[in-house]
Amino acid sequence: MSKFGELIDAQVPVLLDFFTEWHEQSISMNETIRHVAAALGDKARVIKIDVDKNKELAEALRIKGLPTFMIYKNGQMVWRQSGEFDANTLITLIQEQS
């Protein structure tokens with residue numbers, strides 16, 4: 001959990017993508033997430049977290065639906081939503097936190 005604290009404690013917005021390798025919607029978001037990361041460059045951090053490999057964290061954050069996205073700024077959650085999104089929506093949400 002302390003490593004998670006280090007991940008989200010950034011001056012730039014941090015987008016977290018909670019996913020699994022076997023979930024169809026999670027898999028379909030992979031290309032979108034790559035596009036978001038490339039478009040934002042160093043203006044944000046994009047981190048994918050496999051809930052199967054991070055069960056304790058997923059339980060602590062009450063991840064129920066997949067994929068679940070969260071945006072953190074300075075260690076505080078500022079947005080959270082489950083489901084599929086297009087790249088432009090995610091980019092806009094992240095840029096609003098800059």
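- Residues Ile47 and Met70 fall within the same hydrophobic cluster, defined by Ile, Leu, Val, Met, Phe, Trp and Tyr side chains chained together at heavy-atom separations under 4.5 Å.
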For this session: Please lay out, stage by stage, how Lys48 and Asn30 fare under the test side-chain contact (heavy atoms from CB on, under 4.5 Å).
Result: CA-CA 9 Å; Lys48 294 178 63 70; Asn30 284 339; 2.8 Å; yes

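- In this structure, Phe85 and Thr32 approach most closely via the heavy-atom pair O-CG2, 3.6 Å.
- With a 4.5 Å cut-off on side-chain heavy atoms, Phe18 and Asn54 do not count as touching.
- We find the CE-CD distance between Met29 and Glu24 to be 13.5 Å, quoted to the nearest 0.5 Å.
- Residues Ile33 and Phe19 form no side-chain contact, since every pair of their non-hydrogen atoms from C-beta on lies 4.5 Å or further apart.
- Scanning both residues, Asp50 and Thr20, for their nearest heavy atoms gives OD1-CA, 4.0 Å.
- Residue Val78 is grouped with residue Val46 when hydrophobic side chains (ILVMFWY) are merged at heavy-atom distances under 4.5 angstrom, including chains of intermediate members.
- When all heavy atoms of Ala44 and Ile94 are compared, the closest pair comes out as CB-CG2, 3.6 Å.
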Problem set entry | Worked verdict on Asp52 versus His23 for side-chain contact (heavy atoms from CB on, under 4.5 Å) | CA-CA 11 Å; Asp52 286 337; His23 188 265; over 6 Å; no

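- One hydrophobic cluster, built from ILVMFWY side chains closer than 4.5 Å, holds both Met77 and Val14.
- Taking the side chain as every heavy atom from C-beta outward, Phe69 and Leu93 never approach each other to under 4.5 Å.
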Problem set entry | Test side-chain contact (heavy atoms from CB on, under 4.5 Å) applied to Gln81 and Thr89, step by step | CA-CA 12 Å; Gln81 188 72 45; Thr89 299; over 6 Å; no

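- In this structure, the salt bridge (Lys or Arg N to Asp or Glu O under 4.0 Å) partners of Arg34, at least two apart in sequence or on a different chain, are Glu31.
- Taking CG from Leu40 and CD1 from Ile91, the interatomic distance works out to 5.5 Å, rounded to the nearest 0.5 Å.
- In this structure, Leu7 is not a member of the same hydrophobic cluster as Ile71, with clusters built from ILVMFWY side-chain heavy atoms closer than 4.5 Å.
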Problem set entry | Worked verdict on Ile8 versus Leu16 for side-chain contact (heavy atoms from CB on, under 4.5 Å) | CA-CA 9 Å; Ile8 62 171; Leu16 302 178; 4.0 Å; yes

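- A distance of 8.5 Å separates CG of Leu90 from CG of Asp17, quoted to the nearest 0.5 Å.
- By the rule that hydrophobic residues join a cluster once side-chain heavy atoms approach within less than 4.5 Å of another member, Val12 and Trp79 end up as members of separate clusters.
- Counting only residues at least two apart or in different chains, side-chain hydrogen bond (donor to acceptor under 3.5 Å, both in side chains) contacts with residues 66-78 comprise Thr68-Ser82.
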